Amino acid sequence: MSTNSVTAQTEEVIQPDPSRTYNLTSYEKKRQTFSWDEAVKGLGAASSGKWNAAYECIDRHVEEGFAEKTALLFTDGEKEESYTFGEVKTITDSYARVLKSGGVAKGSRVFIFLPKSPDCYFTILAAIKAGAIAGPLFEAFKEDAVRERMEDCEAEFLITDSELGKRVPEKDIPSLRKTWEITSLREEACGFADEEDPTVWLGEEDGMLIHYTSGSTGKPKGVLHVQRAISHQYISGKWVLDVHEDDVYWCTSHPGWVTGSVYGVFAPWLNRATVVIHGGRFDADEWYSLIERFKVTIWYSAPTAFRMLMSKGNLFENYNLSSLRHILSVGEPLNPEVIHWAGQNFGVRIHDTWWMTETGAHLIVNLPSEAVKPGSMGRPLPGIEVAILDETGEPLPAGETGELAVKAPWPGLMKTIWKNEQKFRSYFTEDSWYLSGDTAYRDEDGYIFFSGRNDDLINTAGERVGPFEVESRLIEHPAVAEAGVIGKPDPVRGEIIKAFITLREGFTDSSNLRESVRFFVREGLSAHAAPREIEVVEELPKTKISGKILRRVLKAGELSKYKEASQV
Ligand code: PRX
């Protein structure tokens, strides 16, 4: 970790649009007066001690007279679907009844492995309605990635489709009791219409969601979130997403990632937004046309996606994007150029937000009613206290870079790391600072500026990849003897994955061989975890005593090449 002094990168400040109304207008005052009880009071049954996230997202709105309001709009570029809150209640009720009749109960782990689609959202809610912990898996995961997560979590139930189901090695997951293919779940659900309310009432510390996420060492770990998180999701949805009654809200992330679940499903629906789902991969034309077609007003995405749109030049001029009133970003550093691009072309700012899988919801934010300093992730959400700590755990003054830490607890904070309480505890200092592993500094006005990671975690296109997981797969390839994996700076993706490998005897370097290695990782883990660059080396740098591969030496070499290239 570096603790060198730095000055703010930019003096630029972009003021909010004064003609709009915002859900939170008095940031400083709210910071002084806010207590988390206020967030719980905005919920329905939870405010009287009965917790169920699915009820709060859907059923509550139906009970309050919004059964006819559009809850969901879906397109995959070809077909379109639309559902009201009343319809989503009927579907999630009947799915929850099927799950319960199949043995799902409070605390069961129900994995959901489906493409971004209405049923992906419905089954997550149905599992939670039935009292279970929902484990959504990213649709691009391949067999190894699926096995590792489901095995570690002792998954008991799975909902998938005929395509993705092929990637689930059921025989390796002895805990698995039952698998539903989505078509058969749908059919069974018809027989379960109109029976009793399937909602299982839970306590605030009962499980809700599990997301596996990579660390810099070891296999991905299961981050468990519990019901209390919905108060944090709700209030951040209200203030940061700034959901109003008529908003059409689109989050581009798949629910297998924490952004796609917390801010794709929960936060918008807790605030009764009309939620948009785009099925399929990034496609600039489809994205712009979706905004035009559904008149999206709030759009939550990531810097890589914005940069990919930027690279399409004036393509946006072919579309009417005037519905957009609020844009947000997460997952990786948001460079000022991107904010300027949005301002010039859409007439709106992009609001960066910072949080992590482990933190469960927004912690550092740019509120739409406050000034944005391009380059800064914003300021702490009311209710959240952050500090920049030095190596000894002491808070640093403004302008000094150190580790970004957050005073625990807060409602969205993970409950534990699945079957690894020791790992969970390792996130916290004795005086209850949660250590993020990110380095940052704060300016005199309390705005936080991201500077990097203090470990080897890779952030490629906003997706978090642990080098260990990639290295473990690489060395399973018959040609690979050893592997060291790092994130290499990239102007569009933030970082790309670069692998340095040594070869076993009898193999020689060739572009075919490198392609076969890349393909091998893609087929085992997923496309986003496959190295975009592979360099065959004679030897990897290692520690003298333990022989551990020194990723930071590989990274330093790559960084100096990058610096030289960008100075040319
Ligand atoms: O390094 C930070 C980066 O993403 C990490 C968390 O990744 P994940 O758990 O996958 O969650 C991503 C979305 C919630 C952080 O430790 N990160 C997240 N937001 C930002 C960011 N880096 C820079 N700026 C951000 N706004």
Side-chain angles (χ1 to χ4, degrees), residues 1 9 136 138 209-216 220-225 229 232-233 236-237 240-241 251-267 300-307 327-336 338-339 350-367 372-381 386 401 403-406 412-414 417 427 434-442 447-467 469 487 489 493-495 526 528-529:
M1 186 201 318
Q9 289 169 347
F138 181 42
L209 258 185
I210 191 155
H211 279 289
Y212 274 76
T213 194
S214 305
S216 58
K221 39 194 194 310
V223 178
L224 178 68
H225 292 292
H232 192 168
Q233 297 167 353
S236 57
V240 187
L241 305 180
C251 170
T252 57
S253 178
H254 183 280
W257 303 113
V258 77
T259 301
S261 67
V262 171
Y263 291 101
V265 183
F266 298 102
Y300 199 1
S301 196
T304 294
F306 295 129
R307 288 190 290 259
I327 310 181
L328 303 104
S329 171
V330 68
E332 41 173 334
L334 178 66
N335 39 326
V338 181
I339 300 183
I350 301 185
H351 299 74
D352 197 9
T353 57
W354 178 89
W355 59 297
M356 303 176 68
T357 307
E358 293 89 334
T359 75
H362 292 151
L363 296 185
I364 296 174
V365 298
N366 282 287
L367 286 165
V372 163
K373 296 190 182 188
S376 164
M377 308 192 291
R379 289 181 288 179
L381 186 76
V386 308
T401 302
E403 183 161 10
L404 178 55
V406 187
L413 176 64
M414 61 183 162
I417 298 290
Y427 281 93
Y434 164 85
L435 299 172
S436 69
D438 284 3
T439 53
Y441 69 92
R442 183 166 45 85
Y447 281 75
I448 313 284
F449 292 76
F450 178 83
S451 76
R453 288 283 310 170
N454 66 7
D455 60 15
D456 299 329
L457 210 61
I458 300 167
N459 189 334
T460 178
E463 278 155 8
R464 182 166 154 179
V465 178
E469 202 183 1
R493 293 183 155 73
E495 286 184 324
S526 78
H528 78 279

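Order of appearance sets the numbers: ligands from 1, and atoms from 1 within every ligand. Remember, it's a predicted structure, so these values are computed and weren't measured experimentally. Note: hydrogens, waters and symmetry copies are ignored here, and every other heavy atom, side chains too, is used.
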Min side-chain heavy-atom separation Ile210-Val223 under 4.5 Å: no
- prompt: Should you measure from each heavy atom of Asn459, which atoms of ligand 1 turn up under 4.0 Å away?
  reply: 3 (C), 4 (O)
- line: Of all protein heavy atoms, the one nearest atom 8 (P) of ligand 1 is Thr357 OG1, 3.5 Å
- prompt: Quick one: does Lys221's side chain get under 4.5 Å of Glu358's, heavy atoms only?
  reply: yes
Validation row: Phe306, Ile350 side chains within 4.5 angstrom (heavy atoms): yes
query: Among all protein non-hydrogen atoms, which one is nearest to atom 7 (O) of ligand 1, and what is the separation to 0.1 Å?
result: Arg464 CD, 3.4 Å
Per-atom contacts of ligand 1 with Arg453, taking only distances under 4.0 Å to non-hydrogen atoms: 1 (O), 16 (O)
Residue-ligand contact Pro333/ligand 1, heavy atom below 4.0 Å: yes
task: Measure the shortest side-chain to side-chain distance between Ser436 and Trp354 over non-hydrogen atoms and say whether it is less than 4.5 angstrom.
output: yes
Distance-only N or O hit between ligand 1 and Thr353, under 3.5 Å: yes
message: Check this for me: does any side-chain nitrogen of one of Arg453 and Glu495 sit under 4.0 Å from a carboxylate oxygen of the other?
response: no
query: What is the closest protein heavy atom to atom 4 (O) of ligand 1, and at what distance does it sit?
result: Gly331 O, 3.5 Å
message: Counting only nitrogen or oxygen atoms and a 3.5 angstrom limit, does Thr259 reach ligand 1?
response: no
- request: With heavy atoms only and a cut-off of under 4.0 Å, state how Glu332 meets ligand 1: side chain, backbone, both or neither.
  value: backbone
- request: State, yes or no, whether a side-chain contact exists between Thr401 and Ser451 at a heavy-atom distance under 4.5 Å.
  value: yes
Contact check, side chains of His232 and Leu363, non-hydrogen atoms, under 4.5 Å: yes
query: Where is the nearest protein heavy atom to atom 2 (C) of ligand 1: which residue, which atom, and how far?
result: Asp438 OD2, 2.9 Å
query: For atom 14 (C) of ligand 1, which candidate among Trp355, Trp354, Trp257 holds the nearest heavy atom?
result: Trp355
query: Based purely on interatomic distance, does Ser436 place a nitrogen or oxygen under 3.5 Å from a nitrogen or oxygen of ligand 1?
result: no
Check: Phe450 and Leu334 side chains under 4.5 Å, non-hydrogen atoms: no
- request: Could you tell me whether the side chain of His351 reaches within less than 4.5 Å of the side chain of Val240, counting heavy atoms only?
  value: no
message: Is the contact between Met377 and ligand 1 made by the side chain, the backbone, both, or neither, using heavy atoms and a 4.0 Å cut-off?
response: side chain
